[in-house]
Peer 1: 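Below is one structure. I have some questions about it.
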Protein chains: 2
Amino acid sequence: MSKEKSVSGTVGKALDVLNEFASIGRPARFSEVLAASKYPKTTLYRLLQTLTNEEMLSYDPEEQMYSLGVRLVRLAHAAWEQSSMAPIARPFVDALSHEVGLTVHLAQLDGGQVLYIDKRNSSAPIQMYSQAGKIGPAYCTGVGKAMMACLEEEALERVISQQSFHRYTEHTLTSAQDMRQELLTIKEEGVAFDREEHEHNIICIAAPILSLKGKLMGALSITTTRHRHSIDDLALFKDHLLDAAKQIGDEAEVWHFPDKL
Amino acid sequence: MSKEKSVSGTVGKALDVLNEFASIGRPARFSEVLAASKYPKTTLYRLLQTLTNEEMLSYDPEEQMYSLGVRLVRLAHAAWEQSSMAPIARPFVDALSHEVGLTVHLAQLDGGQVLYIDKRNSSAPIQMYSQAGKIGPAYCTGVGKAMMACLEEEALERVISQQSFHRYTEHTLTSAQDMRQELLTIKEEGVAFDREEHEHNIICIAAPILSLKGKLMGALSITTTRHRHSIDDLALFKDHLLDAAKQIGDEAEVWHFPDKL
DNA sequence: AACTAAGTTCCATTATACGGAACAATAATA
DNA sequence: TATTATTGTTCCGTATAATGGAACTTAGTT
């Protein structure tokens with residue numbers, strides 16, 4: 001459990017516990033959760049019971065293991081469809097991926113991290129769930145940097161403070177200063193590059209998706225490997241990418257919920 | 001909101017509201033939710049606020065619209081990976097789909113309904129999220145019937161009582177009696193057929209997935225269209241299907257959580 | 001200006017969650 | 001077998017948070 005921020009209300013605590021399970025990433029016993037938790041024994045116990053009753057957690061009495069429940073999958077399906085821009089963006093993502101023949105990612109900013117909400121791989125048919133819902137660092141991914149470049153000072157400050165600046169590779173930017181510098185460049189160019197900053201051999205070009213009013217909606221990226229392409233190669237896709245991003249942004253603007261029943 | 005069952009505790013209510021949003025299926029205004037809700041104005045208002053704070057809902061002040069938040073997508077990714085059998089089943093689902101050249105579905109039973117947790121389409125690369133997390137009726141789908149056939153009396157009773165028995169097509173089974181009859185046949189044959197009971201032109205063969213101890217884990221199905229195949233054609237896949245289901249079941253049994261950190 | 005309708009705040013009441021401590025159940029050690 | 005840890009569960013008086021009726025805003029109509 002994130003021991004820093006104290007959450008108010010029972011609901012907050014319950015969701016906090018769910019988060020903990022998500023970050024543990026595998027089924028866990030009561031004591032294990034307790035150790036990681038900021039809540040006292042009894043309280044946590046009751047929370048787990050409640051969540052299990054509500055089927056947000058499932059409990060295996062055999063193994064005495066709690067794990068995240070399938071009800072979440074169900075809810076998420078609805079969330080993905082109605083609240084992310086994935087459904088709107090889908091045709092454009094498809095088209096872009098087809099055009100350039102490379103992998104395309106669609107992401108949003110969520111709590112200082114990058115949340116991938118869609119992925120299209122022109123060649124291999126892929127397993128979406130294994131990508132959608134996945135999170136990644138913002139400071140060393142193309143989509144992350146592209147989005148950060150669009151934040152106004154206050155929001156940017158907050159997001160930067162949430163970055164770990166862990167050095168994944170020798171190309172990773174590891175300080176807020178470097179970051180700010182990089183963001184200026186990105187603002188100028190209109191696109192961000194990931195120069196093997198997160199994973200060796202993986203490079204990408206990314207662009208922010210803005211609504212007409214200028215509100216940041218997410219980001220779009222084209223990913224490839226150093227083996228197959230150079231950064232300069234990727235730069236050639238800039239117009240295609242910006243075009244797709246613009247189209248999605250415009251569409252998202254228009255997208256007004258099916259008016260009244 | 002499901003007005004029948006009264007939920008205890010604040011957490012239950014909050015999740016209840018989330019469910020409501022999922023079933024509305026699109027962003028909604030306060031009053032709209034209120035109308036559908038069993039909770040009084042103020043209570044609902046506070047619930048929405050709490051959920052928004054926790055980012056389980058997102059609120060657009062512009063439009064005064066609430067919608068399911070992306071945080072759910074994040075949680076669901078973890079849920080899908082750790083609590084459903086999808087990751088275990090994946091290679092077998094892949095193989096089966098490849099073998100028979102048709103669409104394969106993986107499903108679990110969730111609250112009397114069928115919850116699809118994976119799908120593989122040998123030909124067209126597909127959008128997974130549009131399937132995983134999707135729900136369907138149990139009484140008129142192959143996977144649903146296959147799973148129901150494996151329930152012991154008490155559980156079956158409950159599930160049957162949750163069925164609407166809506167007549168989707170002229171082939172839909174529309175009564176508990178017919179259902180029980182059908183389940184006997186399925187038990188004998190070991191597989192269930194969907195003879196255009198849910199959608200016209202869509203037929204499938206499905207098998208339950210059981211753990212070695214005999215616990216029902218889910219179901220697996222091969223789907224096609226009447227235009228391309230007959231039920232008899234599908235019956236030819238029976239061995240392949242049962243084989244895959246058995247392998248998944250066995251694997252799931254072995255699958256013991258990565259022991260201790 | 002008067003009237004609706006939708007959304008928000010107030011506040012005394014009540015129900016719920018809280019958590020320390022004591023209690024089981026099981027496993028580990030002597 | 002007795003003894004001590006370890007882990008999971010229940011009790012219960014207390015403290016806190018949720019409740020919901022009513023009143024108040026705000027914005028849109030007549």
Side-chain angles (χ1 to χ4, degrees), chain A residues 1-3 5-21 24 26-67 69 256-261, chain B residues 1-3 5-21 24 26-67 69 256-261:
Chain A
M1 226 126 306
S2 49
K3 296 198 181 186
K5 187 179 62 180
S6 108
V7 243
S8 68
T10 323
V11 178
K13 283 169 201 154
L15 296 176
D16 202 26
V17 171
L18 283 184
N19 261 353
E20 185 58 18
F21 272 96
I24 290 180
R26 58 183 169 73
R29 317 182 51 124
F30 174 73
S31 55
E32 188 177 354
V33 186
L34 178 61
S37 166
K38 61 187 162 194
Y39 303 114
K41 214 181 186 183
T42 314
T43 301
L44 181 64
Y45 183 72
R46 244 176 309 98
L47 282 173
L48 291 184
Q49 282 202 146
T50 305
L51 287 169
T52 304
N53 278 335
E54 300 295 335
E55 293 185 278
M56 298 297 278
L57 291 178
S58 70
Y59 179 63
D60 178 355
E62 200 80 7
E63 298 281 341
Q64 297 188 123
M65 287 283 196
Y66 292 89
S67 52
H256 269 172
F257 329 96
D259 257 64
K260 272 293 189 190
L261 307 165
Chain B
M1 226 125 305
S2 48
K3 297 199 179 184
K5 188 179 65 181
S6 108
V7 248
S8 67
T10 322
V11 179
K13 282 169 202 156
L15 296 175
D16 202 26
V17 172
L18 283 184
N19 262 353
E20 185 57 19
F21 273 96
I24 289 180
R26 58 184 169 71
R29 319 182 49 128
F30 175 72
S31 55
E32 188 177 355
V33 186
L34 178 61
S37 166
K38 60 188 163 194
Y39 304 113
K41 213 180 184 184
T42 314
T43 302
L44 181 66
Y45 182 72
R46 243 174 311 99
L47 282 174
L48 291 184
Q49 281 203 148
T50 306
L51 287 169
T52 304
N53 277 336
E54 300 296 334
E55 294 185 277
M56 298 296 279
L57 290 179
S58 69
Y59 179 64
D60 178 356
E62 199 79 7
E63 298 281 340
Q64 297 189 122
M65 287 282 196
Y66 293 90
S67 52
H256 270 170
F257 330 95
D259 258 65
K260 273 294 187 191
L261 307 164

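Chain naming here is simple, since letters A, B, ... match the order of the sequence lines and numbering starts at 1 in each. Being a predicted model, the structure only gives us computed values, none of them experimental. For the numbers below, each heavy atom of this structure counts, side chains included, while hydrogens, waters and symmetry mates do not.
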Peer 1: Could you report the tightest heavy-atom contact between A:R29 and A:Q64, atom names first, then the distance?
Peer 2: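 It is NH2-NE2, 2.8 Å.
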
Peer 1: Specify the angle, to 10°, made by the local axes at the two ends of the helix from C:dA1-D:dT30 to C:dA30-D:dT1 when five pairs are taken at each end.
Peer 2: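 It works out to 30° between the end axes.
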
Peer 1: Going through the checks in order, is the side-chain contact (heavy atoms from CB on, under 4.5 Å) test met by A:F21 and A:L51?
Peer 2: CA-CA 12 Å; A:F21 272 96; A:L51 287 169; over 6 Å; no

Peer 1: Applying side chain to side chain contact (heavy atoms under 4.5 Å, CB included), can you list everything that pairs with B:T52, at least two apart in sequence or on another chain?
Peer 2: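 B:T52 satisfies side chain to side chain contact (heavy atoms under 4.5 Å, CB included) with B:L57, B:Y59, B:Y66 only.
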
Peer 1: Taking the nucleotide of DNA chain D with the nearest heavy atom to each, does A:Y66 or B:L47 sit closer to the 5' end?
Peer 2: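 It is A:Y66, whose closest nucleotide lies nearer the 5' terminus.
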
Peer 1: Calculate, to the nearest 0.5 Å, the distance between atoms CD1 and CD belonging to A:I24 and A:E32 respectively.
Peer 2: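 If we round to the nearest 0.5 Å, A:I24:CD1 and A:E32:CD are 5.0 Å apart.
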
Peer 1: Taking only residues two or more places apart in sequence, or in another chain, which ones meet A:Y45 in a side chain to side chain contact (heavy atoms under 4.5 Å, CB included)?
Peer 2: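 If we apply the side chain to side chain contact (heavy atoms under 4.5 Å, CB included) test to A:Y45, skipping adjacent residues, the hits are A:F30, A:Q49.
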
Peer 1: Between atom CD of A:E54 and atom CG of B:L18, what is the distance when rounded to the nearest 0.5 Å?
Peer 2: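 Interatomic distance, A:E54 CD to B:L18 CG, rounded to 0.5 Å: 10.5 Å.
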
Peer 1: Considering all heavy atoms of both residues, which atom of A:V33 and which atom of A:A28 are nearest to each other, and what is their separation?
Peer 2: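 For A:V33 and A:A28, the tightest heavy-atom pair comes out as CG2-CB, 4.0 Å.
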
Peer 1: How long is the line joining CG of A:D60 and C1' of D:dG8, in whole Å?
Peer 2: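 The distance from CG of A:D60 to C1' of D:dG8 comes to 15 Å, rounded to the nearest Å.
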
Peer 1: Between protein and nucleic acid, restricted to nucleotides 22-30 of chain D and to nitrogen or oxygen atoms under 3.5 Å apart, what atom pairs and distances do you find?
Peer 2:
none

Peer 1: Between CG of B:L44 and CG of B:D16, what distance do you get to the nearest 0.5 Å?
Peer 2: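 So the CG of B:L44 and the CG of B:D16 are separated by 10.0 Å.
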
Peer 1: Separation of A:R29 atom CZ from D:dT7 atom P, in whole Å?
Peer 2: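 After rounding, the gap between these two atoms is 8 Å.
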
Peer 1: For nucleotides 14-18 of chain D, which of its nitrogen or oxygen atoms have a protein nitrogen or oxygen under 3.5 Å away, and what is each distance?
Peer 2:
unit_1 : atom_1 : unit_2 : atom_2 : d
D:dA18 : OP1    : A:T10  : N      : 3.3

Peer 1: Using side-chain heavy atoms (C-beta onward) and a distance below 4.5 Å, is B:M56 in contact with A:V11?
Peer 2: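 Side-chain contact under 4.5 Å: no.
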
Peer 1: Distance under 4.0 Å to a non-hydrogen atom of chain A counts as contact; along DNA chain C, which nucleotides mark the start and end?
Peer 2: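 Extent of the interface on DNA chain C: C:dA17 to C:dA21.
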
Peer 1: Do you know which two heavy atoms are closest between A:A36 and A:E20, and how far apart they sit?
Peer 2: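 Heavy atoms of A:A36 and A:E20 come nearest at CB-OE2, 3.3 Å.
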
Peer 1: Once you round it to whole Å, what is the distance between C1' of D:dT6 and CD of A:E32?
Peer 2: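 One finds 15 Å between C1' of D:dT6 and CD of A:E32, rounded.
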
Peer 1: Tell me the interatomic distance from A:M65, atom CE, to D:dT7, atom P, rounded to whole angstroms.
Peer 2: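 Checked: the CE to P distance equals 13 Å.
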
Peer 1: Within this structure, what is the CG-CG distance for the pair A:L34 and A:L48, rounded to the nearest 0.5 Å?
Peer 2: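 Going from CG on A:L34 over to CG on A:L48, the span is 9.0 Å.
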
Peer 1: Strictly by salt bridge (charged side-chain N to carboxylate O under 4.0 Å, His left out), give each pair with a member in residues 40-51 of chain B just once, sequence neighbours left out.
Peer 2: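 Not a single pair qualifies under salt bridge (charged side-chain N to carboxylate O under 4.0 Å, His left out).
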
